[in-house]
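As structure tokens, the structure follows; a few thoughts come after it.
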There are 2 protein chains.
Amino acid sequence: MNSHSLFFFYYLTASPAIHIIRNEFLFILFFLLFLLPSGHTYVKKADKHQKILVAATKVFGSKGFFSARISDIAKEAKVADGTIYLYFHNKYDILLTLFEEEIAKLIVDIKAALAQEEDPRRKLYIFALHHLKLVIEKKELAEVLQMELRQSSDSVKEYRITKFVDYVNIISGIIHQGQKSGIFRPELKPGIIKRAFFGALDEMSRLWILNSDHAYTIDDTADEISSIFLNGISLPA
Amino acid sequence: MNSHSLFFFYYLTASPAIHIIRNEFLFILFFLLFLLPSGHTYVKKADKHQKILVAATKVFGSKGFFSARISDIAKEAKVADGTIYLYFHNKYDILLTLFEEEIAKLIVDIKAALAQEEDPRRKLYIFALHHLKLVIEKKELAEVLQMELRQSSDSVKEYRITKFVDYVNIISGIIHQGQKSGIFRPELKPGIIKRAFFGALDEMSRLWILNSDHAYTIDDTADEISSIFLNGISLPA
DNA sequence: AAAAATAATGAATGGCTATTCATGCTTACC
DNA sequence: GGTAAGCATGAATAGCCATTCATTATTTTT
């Protein structure tokens with residue numbers, strides 16, 4: 001979408017102003033009114049952008065970023081290798097876009113679900129449930145998160161420190177609230193807890209991803225983990 | 001060491017038996033008595049093997065397996081690129097060797113420390129402490145573990161399922177023992193707990209590795225995490 | 001101290017694959 | 001139905017880097 005509008009403006013500004021006679025003006029008007037918002041080309045582009053991202057998620061998820069080949073992604077998306085470069089700058093750009101779009105969605109989702117709830121204990125449970133549900137519903141994405149969030153390369157680190165932290169900080173927010181309202185032990189450091197909690201969930205994801213025999217249901221797991229934490233961090237009633 | 005002894009046997013069996021006259025017999029005896037156990041060549045080989053592993057740990061740790069170049073490792077080890085191939089089959093072999101040797105050591109260490117202790121609660125604490133200490137004392141190794149345990153490639157997965165599980169199963173052993181002796185809640189599933197516990201610790205490592213400003217001490221952290229878990233999984237007294 | 005055996009070197013090789021681009025195809029408009 | 005604009009294609013390019021190997025250095029043996 002982004003690159004599409006840019007493209008459009010490029011063409012617009014590149015043609016000398018003197019050429020904007022009546023015909024062309026009408027054409028541009030037409031273009032603005034019909035093509036840009038919902039026109040055919042536009043939709044197709046968005047389609048492929050999406051198709052490529054979906055394919056990339058699958059391929060990155062199963063082979064990891066480095067072992068994944070552009071041609072794998074192209075084949076999976078049923079698109080020529082070169083086509084990918086009409087939509088993304090390079091391989092790494094695909095990964096970044098994947099993160100930006102998906103983590104953003106995830107944050108929105110979870111925040112919406114949390115807004116329904118007041119009790120910090122319930123909130124923690126809801127967070128756990130959402131996070132684990134992601135693993136089921138978007139198995140491939142979860143695998144990418146699993147693998148690539150760890151890849152240490154300075155550029156990735158910087159990125160991670162931007163986006164990922166937002167997500168994890170939702171937890172410390174909950175802990176904080178719980179401490180303020182006297183439900184959680186006040187001496188615990190939210191900075192540690194959030195990490196521990198995320199780590200526990202994340203490790204469960206890994207379990208899920210690596211084993212195909214899912215011995216426990218998602219609800220059992222969310223239940224058990226948040227219950228441990230709640231018992232662990234709550235003040236005695 | 002391994003490849004060295006193989007080498008020796010290769011030479012031994014390759015020379016026809018008829019050649020073993022008195023002189024050569026004495027030579028072999030000499031070789032066996034002096035060179036093999038502590039001779040010069042042997043030590044030097046072990047030296048370089050080790051030097052390369054140390055260098056590799058550093059390089060893998062800072063750049064990740066895929067971004068690490070053999071030439072980086074060679075430079076770090078102060079050795080020619082080609083030399084590495086006298087000690088390892090290929091790049092991936094370096095990584096595997098690293099794991100085998102280090103995780104094995106770690107398991108031995110932790111088991112020794114645990115043997116001193118009876119109380120499952122204390123054991124859990126000790127495990128946490130050891131694991132986190134690893135992150136401090138062998139920062140680079142910890143980074144490699146962090147990064148590469150996640151790398152999804154079928155060969156790695158298989159490997160992981162062999163060695164790594166041994167390590168994590170130490171936790172479930174402790175939980176089990178605690179449940180049998182009526183200290184831990186019997187309805188909890190050790191299969192989940194061990195993962196959650198490991199995940200929490202592991203996430204703490206990540207925190208440590210990514211942030212340079214170490215806001216919390218290792219003991220604080222081990223304390224806090226095991227305390228949460230202990231509260232969480234213990235039966236009310 | 002020469003010869004033989006072993007080890008180390010690093011430049012050259014070769015395979016692999018991200019990226020490009022000349023070409024052909026589709027669609028949208030007249 | 002012809003034309004132009006934008007799209008898609010995939011073979012060719014180009015760069016990177018693991019691995020090899022002819023050569024040099026070192027160590028051991030006689």
Side-chain angles (χ1 to χ4, degrees), chain A residues 3-8 10-12 14-15 19 22-24 26-31 33-36 39-49 51-52 56 59-60 63 65-75 77-95, chain B residues 3-4 6-8 10-12 14-15 21 23-24 26-28 30-31 34-36 39-49 51-52 56 59-60 63 65-75 77-95:
Chain A
S3 69
H4 189 64
S5 355
L6 280 178
F7 218 58
F8 171 70
Y10 170 73
Y11 271 80
L12 201 60
S15 71
H19 277 181
R22 191 168 143 273
N23 265 354
E24 286 184 3
L26 283 177
F27 164 64
I28 289 171
L29 193 65
F30 178 77
F31 187 87
L33 286 178
F34 294 93
L35 284 183
L36 197 62
H40 197 45
T41 315
Y42 184 92
V43 167
K44 285 206 99 180
K45 270 213 154 189
D47 262 352
K48 280 214 171 135
H49 175 93
K51 245 169 78 177
I52 292 170
V59 176
F60 286 158
K63 314 186 123 183
F65 177 72
F66 286 103
S67 303
R69 302 289 138 239
I70 288 288
S71 54
D72 296 335
I73 298 174
K75 205 188 293 167
K78 284 177 189 155
V79 139
D81 291 19
T83 306
I84 289 181
Y85 290 88
L86 297 176
Y87 296 90
F88 300 92
H89 294 310
N90 52 44
K91 194 181 166 190
Y92 187 57
D93 185 37
I94 303 176
L95 187 68
Chain B
S3 69
H4 189 67
L6 279 177
F7 219 58
F8 171 69
Y10 170 75
Y11 271 79
L12 202 60
S15 72
I21 53 176
N23 263 355
E24 286 185 2
L26 284 177
F27 162 64
I28 289 171
F30 177 79
F31 187 86
F34 295 92
L35 284 184
L36 196 62
H40 197 48
T41 314
Y42 185 92
V43 167
K44 284 206 100 180
K45 270 213 153 187
D47 262 353
K48 279 212 172 137
H49 175 94
K51 243 168 79 177
I52 292 169
V59 176
F60 287 158
K63 314 185 121 182
F65 178 72
F66 286 103
S67 304
R69 304 287 139 241
I70 288 289
S71 54
D72 296 336
I73 299 176
K75 205 188 295 170
K78 283 174 192 159
V79 139
D81 291 20
T83 305
I84 288 181
Y85 290 86
L86 298 175
Y87 295 90
F88 300 92
H89 296 309
N90 51 45
K91 194 181 165 188
Y92 187 58
D93 185 38
I94 303 176
L95 187 67

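This is a predicted model, so every value here is computed, not measured. Within every chain, numbering begins at 1; the chains are lettered A, B, ... in the order of the sequence lines, protein sequences first and strands thereafter.
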Problem - Inter-axis angle, terminal five-pair segments of the helix from C/dA1-D/dT30 to C/dC30-D/dG1 [nearest 10°] - result: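 Roughly 10° between the end axes, to the nearest 10°.
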Within the structure provided, determine whether B/Phe60 and B/Ile94 are in side-chain contact (heavy-atom separation under 4.5 Å).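 The answer is yes, as the side chains (C-beta and beyond) meet within the 4.5 Å cut-off.
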| request: Work out which heavy atom in B/Ile52 is nearest to a heavy atom in B/Ile73; give both atom names and the distance. | output: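 Heavy-atom minimum between the residues: O-CG2, 4.0 Å.
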Point to revise | Over all atoms of both residues, closest heavy-atom pair of B/Asp81 and B/Ala74 | key: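 That would be OD1-CB, 3.3 Å.
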_For B/Tyr92 and B/Phe65, take the angle between the two ring planes, folded into 0 to 90°, and tell me which bin it lands in: parallel under 30, tilted 30 to 60, perpendicular over 60._
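The rings of B/Tyr92 and B/Phe65 stand perpendicular, inter-plane angle above 60°.
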Query raised in the report: Short question: side chain of A/Lys91, backbone of A/Ala68 - any donor-acceptor pair under 3.5 Å?
Result: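 A pair under 3.5 Å: yes.
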**Message:** Whether the side chain of B/Lys51 engages the backbone of B/Val79 through a donor-acceptor N/O pair (distance < 3.5 Å, no angle test) should be reported.
**Reply:**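 It does not hold such a pair.
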Rounded distance (Å) that lies between atom [atom2] of [N] and atom [atom1] of [X]:
X: A/Ile70; N: C/dT17; atom1: CD1; atom2: C1'; result: 9 Å
X: B/His49; N: C/dA7; atom1: NE2; atom2: C1'; result: 17 Å
X: A/Ile73; N: D/dG10; atom1: CD1; atom2: P; result: 17 Å
X: B/Arg69; N: D/dC16; atom1: CZ; atom2: C1'; result: 8 Å
X: A/Lys91; N: C/dT19; atom1: NZ; atom2: C1'; result: 12 Å
X: B/Asp93; N: D/dT20; atom1: CG; atom2: C1'; result: 17 Å
X: B/Phe65; N: D/dA18; atom1: CZ; atom2: P; result: 9 Å
X: B/Ile84; N: D/dC21; atom1: CD1; atom2: P; result: 18 Å

Can you see if the side chain of [X] gets near the phosphate of [N] - specifically, an N or O under 4.0 Å from OP1 or OP2?
X: A/Lys48; N: D/dA8; answer: yes
X: A/Tyr85; N: C/dT19; answer: yes
X: A/Tyr87; N: D/dA8; answer: yes

What distance do A/Lys75 atom NZ and A/Arg69 atom CZ have between them, rounded to the nearest 0.5 Å?
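CZ of A/Arg69 is found 12.5 Å from NZ of A/Lys75.
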